[in-house]
Novice: 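Before I ask anything, let me first share the structure, which is written out below as structure tokens.
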Amino acid sequence: MKMSNREKILAEGMRLVLERGFFGASVRDIVEAAGVPQGSFTNHFPSKEAFGLEILDIYFSETRAVLDRTLRHPGLAPLDALRAFLDANKARLCAEGMEHGCLSGNVGAEASARSETLRLRLLAIFDEIIGALRACLERAVHAGALPPGTDCAALAGFILLALQGAMLLSKVQHSLRPLEQLDYVLFSLTLSPLSPHDSLQGVH
Amino acid sequence: MSSSAQHDHLLTVGLRVVHERGFGRTTIQDIVRAAELPQGAFARHFSSKEDFGMQILDIYFANSCETIARTLRNDALPPLQRLRDYLALNRAHLERDGMRNGCLYGNFSAEGADHSELIRQRIVDIFAHVQDSLSYCLQAAARAGLLRPRLECDEVANFAVASLQGAILLAKAQRSPAPLERFEQMLFSMIEA
């Protein structure tokens with residue numbers, strides 16, 4: 001099927017923004033890569049910001065699909081669902097090119113200070129991910145896989161920031177190591193069925 | 001202005017401009033204009049924008065090293081106090097501009113440092129240095145019996161450096177120090193004995 005100019009701009013634009021950053025990819029670069037006339041961009045997008053919102057939405061629709069088959073999957077045990085979520089992020093980073101990192105994180109780092117519209121959209125995206133993490137952790141507490149007193153909201157916020165940080169370092173290091181370290185720390189130090197101290201002291 | 005003063009002035013002003021706008025988005029013209037110098041001044045002091053980028057990283061890194069020497073690597077202080085001081089200084093640095101600009105290393109990373117392999121490698125080396133310093137501090141804490149037994153200090157240090165970048169990113173998006181506070185609180189609850 002033939003892609004419309006709008007689809008070409010979104011597809012090539014997304015690729016360029018992942019490669020060069022939101023501000024690094026100019027409108028001219030985008031139309032050139034898409035092979036469409038310069039005027040075509042302004043026909044479809046009132047501003048670069050409007051284009052930014054659209055690629056964030058496209059990127060996030062894939063994130064939502066990941067949430068549905070991991071954190072929100074009713075058939076998975078909660079901590080397995082969390083592991084599956086982290087694995088899916090690794091797989092996505094590998095598939096899209098590790099050097100590109102996470103679009104939401106990249107745009108967050110670049111655009112938070114300069115576009116209130118993009119910043120607010122990112123906050124909504126981060127909130128939805130934190131919400132899915134929190135619900136999954138609450139299920140884990142309910143199932144006895146985490147201690148009853150676990151502060152699921154705080155832990156969910158922490159996992160998201162740790163994940164964003166790990167993806168940022170993976171991007172610059174061209175390596176999955178930061179995401180693997182995140183797994184180690186989360187699963188051996190934080191998400192222990194007993195209080196962490198009990199579980200380790202038991203080995204003495 | 002002497003030649004060396006002009007050089008320093010371009011770096012000081014240029015660092016501020018790059019920190020605000022991002023490296024890729026800052027043109028040489030932006031830099032000389034902000035420095036109120038003629039266009040030709042840039043080429044007199046820097047062989048390329050990459051050369052300029054490396055030099056602003058040197059300045060920023062010298063600052064980081066000073067912070068690290070006063071905190072993480074300061075053997076005169078109790079180990080976990082060093083870690084708290086290090087995080088507090090980072091937070092104070094970020095709060096100076098209301099969390100808007102974040103950390104220069106993180107910004108370079110997010111922009112995709114791939115336009116310059118030299119700069120990318122420099123950022124990787126800088127993160128490695130911070131990780132080593134954090135691990136040094138954690139090892140001192142472990143020897144003092146302040147950490148959970150058998151903690152992998154290197155792994156935790158690498159994790160902490162990455163997560164701190166994530167916390168800075170979220171603090172920028174939220175315009176709030178809350179993610180930095182959450183990070184510190186969770187980190188300590190994870191590692192302390």
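Protein chains get the first letters and strands the later ones, always in sequence-line order, with residue 1 at the start of each.
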Novice: So what's closer than 4.5 Å to chain A heavy atoms on F183(B): side chain, backbone, both or neither?
Specialist: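 Answer is both: backbone and side chain atoms of F183(B) are under 4.5 Å from chain A.
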Novice: Quick one: side chains of residues 68-75 of chain B, donor-acceptor pairs under 3.5 Å with protein atoms, not counting sequence neighbours, listed by atom name and distance.
Specialist:
{"unit_1": "T71(B)", "atom_1": "OG1", "unit_2": "T67(B)", "atom_2": "O", "d": "2.7"}
{"unit_1": "R73(B)", "atom_1": "NE", "unit_2": "S133(B)", "atom_2": "OG", "d": "3.0"}
{"unit_1": "R73(B)", "atom_1": "NH2", "unit_2": "S133(B)", "atom_2": "OG", "d": "3.3"}
{"unit_1": "N74(B)", "atom_1": "OD1", "unit_2": "A76(B)", "atom_2": "N", "d": "3.0"}
{"unit_1": "N74(B)", "atom_1": "ND2", "unit_2": "R70(B)", "atom_2": "O", "d": "3.1"}
{"unit_1": "D75(B)", "atom_1": "OD1", "unit_2": "Y136(B)", "atom_2": "OH", "d": "2.7"}
{"unit_1": "D75(B)", "atom_1": "OD2", "unit_2": "Y136(B)", "atom_2": "OH", "d": "2.9"}

Novice: Count the heavy atoms belonging to other residues, nucleotides or ligands that lie under 6.0 Å from CZ of R92(A), then report whether that count exceeds 12.
Specialist: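 Result for CZ/R92(A): enclosed.
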Novice: Select all residues of residues 42-52 of chain A having any heavy atom within less than 4.5 Å of some heavy atom of chain B, and report them by number, or 'none'.
Specialist: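 Those residues of residues 42-52 of chain A which would need a heavy atom under 4.5 Å from chain B do not exist here.
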Novice: Relative to chain B, which segment of L123(A) carries a heavy atom at a distance below 4.5 Å: side chain, backbone, both, or neither?
Specialist: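 Contact with chain B: side chain only.
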Novice: If we only count heavy atoms from C-beta on, is the R120(B) to V172(A) side-chain gap below 4.5 Å?
Specialist: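 Contact flag for R120(B)/V172(A) side chains = yes.
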Novice: Please rank A178(B), G24(B), A167(B) by heavy-atom pairs under 4.5 Å with chain A and give me the top one.
Specialist: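 Looking at each of A178(B), G24(B), A167(B) in turn, A167(B) comes out on top.
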Novice: Highest number of heavy-atom pairs under 4.5 Å with chain A: which of E20(B), Q121(B), E155(B), Q174(B)?
Specialist: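 Sorted descending by pairs with chain A, the first entry is E155(B).
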Novice: At a heavy-atom separation under 4.5 Å, does F158(A) approach chain B through its side chain, its backbone, both, or neither?
Specialist: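 Contact with chain B involves both backbone and side-chain atoms of F158(A).
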Novice: Can you tell me which of G106(B), S163(B), A171(B) forms the most heavy-atom pairs within a distance under 4.5 Å of chain A?
Specialist: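 Most heavy-atom pairs under 4.5 Å with chain A: S163(B).
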Novice: Against chain B, work out which of G21(A), A162(A), G108(A), G101(A) has the most heavy-atom pairs shorter than 4.5 Å and name it.
Specialist: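 Result: the option with the highest number of such pairs is A162(A).
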Novice: Using a cut-off of under 4.5 Å for heavy-atom pairs, which of R114(A), Q173(A), R20(A) has the most such pairs with chain B?
Specialist: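 When all of R114(A), Q173(A), R20(A) are compared, R114(A) has the most.
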Novice: Can you tell me which residue pairs pass the salt bridge (Lys or Arg N to Asp or Glu O under 4.0 Å) test with a partner in residues 158-186 of chain B, sequence neighbours excluded?
Specialist: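 Non-adjacent pairs meeting salt bridge (Lys or Arg N to Asp or Glu O under 4.0 Å): E116(A)-R175(B), R84(B)-E184(B), R91(B)-E184(B).
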Novice: Please rank E180(A), R177(A), E110(A) by heavy-atom pairs under 4.5 Å with chain B and give me the top one.
Specialist: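 That would be R177(A).
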Novice: Does R15(A) have more than 12 heavy atoms from other residues, nucleotides or ligands lying within 6.0 Å of its CZ?
Specialist: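 Enclosed: over 12 neighbouring heavy atoms sit under 6.0 Å from CZ of R15(A).
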Novice: For L118(A), which atoms come within 4.5 Å of any heavy atom of chain B: side chain, backbone, both, or neither?
Specialist: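 Neither the backbone nor the side chain of L118(A) comes within 4.5 Å of chain B.
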Novice: Carefully, step by step, assess E111(B) and K171(A) under the rule salt bridge (Lys or Arg N to Asp or Glu O under 4.0 Å).
Specialist: CA-CA 10 Å; E111(B) 274 190 69; K171(A) 178 178 161 76; over 6 Å; no
Novice: Mind checking ring-ring contact (aromatic ring centres under 6.0 Å, His included) for Y60(B) and listing every partner two or more places apart, or none if nothing turns up?
Specialist: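 Partners of Y60(B) under the ring-ring contact (aromatic ring centres under 6.0 Å, His included) test: H19(B), H93(B), Y105(B).
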Novice: Pick from G24(A), G157(A), C102(A), A154(A): which one has the most heavy-atom pairs with chain B under 4.5 Å?
Specialist: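 Highest number of heavy-atom pairs under 4.5 Å: A154(A).
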Novice: Report which part of A153(A) has an atom under 4.5 Å of a heavy atom belonging to chain B: side chain, backbone, both, or neither.
Specialist: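 Just its backbone gets close to chain B.
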Novice: Side chain, backbone, both or neither: which part of E152(B) has a non-hydrogen atom closer than 4.5 Å to chain A?
Specialist: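 When you check distances to chain A, atoms from both the backbone and side chain of E152(B) fall under 4.5 Å.
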Novice: Which distance, rounded to the nearest 0.5 Å, do you find between the CG of L189(A) and the CE of M186(B)?
Specialist: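 With rounding to 0.5 Å, CG (L189(A)) is 10.5 Å from CE (M186(B)).
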Novice: Would you mind reporting whether Q131(B) and L169(A) have side-chain heavy atoms less than 4.5 Å apart?
Specialist: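 Yes, close enough: below the 4.5 Å cut-off.
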Novice: Tell me which of these, P178(A), S26(A), G105(A), has more heavy-atom pairs under 4.5 Å with chain B than the rest.
Specialist: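 Ranked by heavy-atom pairs under 4.5 Å with chain B, first place is G105(A).
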Novice: Does any backbone or side-chain atom of F23(A) lie under 4.5 Å from a heavy atom of chain B? Answer side chain, backbone, both or neither.
Specialist: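 When you check distances to chain B, atoms from both the backbone and side chain of F23(A) fall under 4.5 Å.
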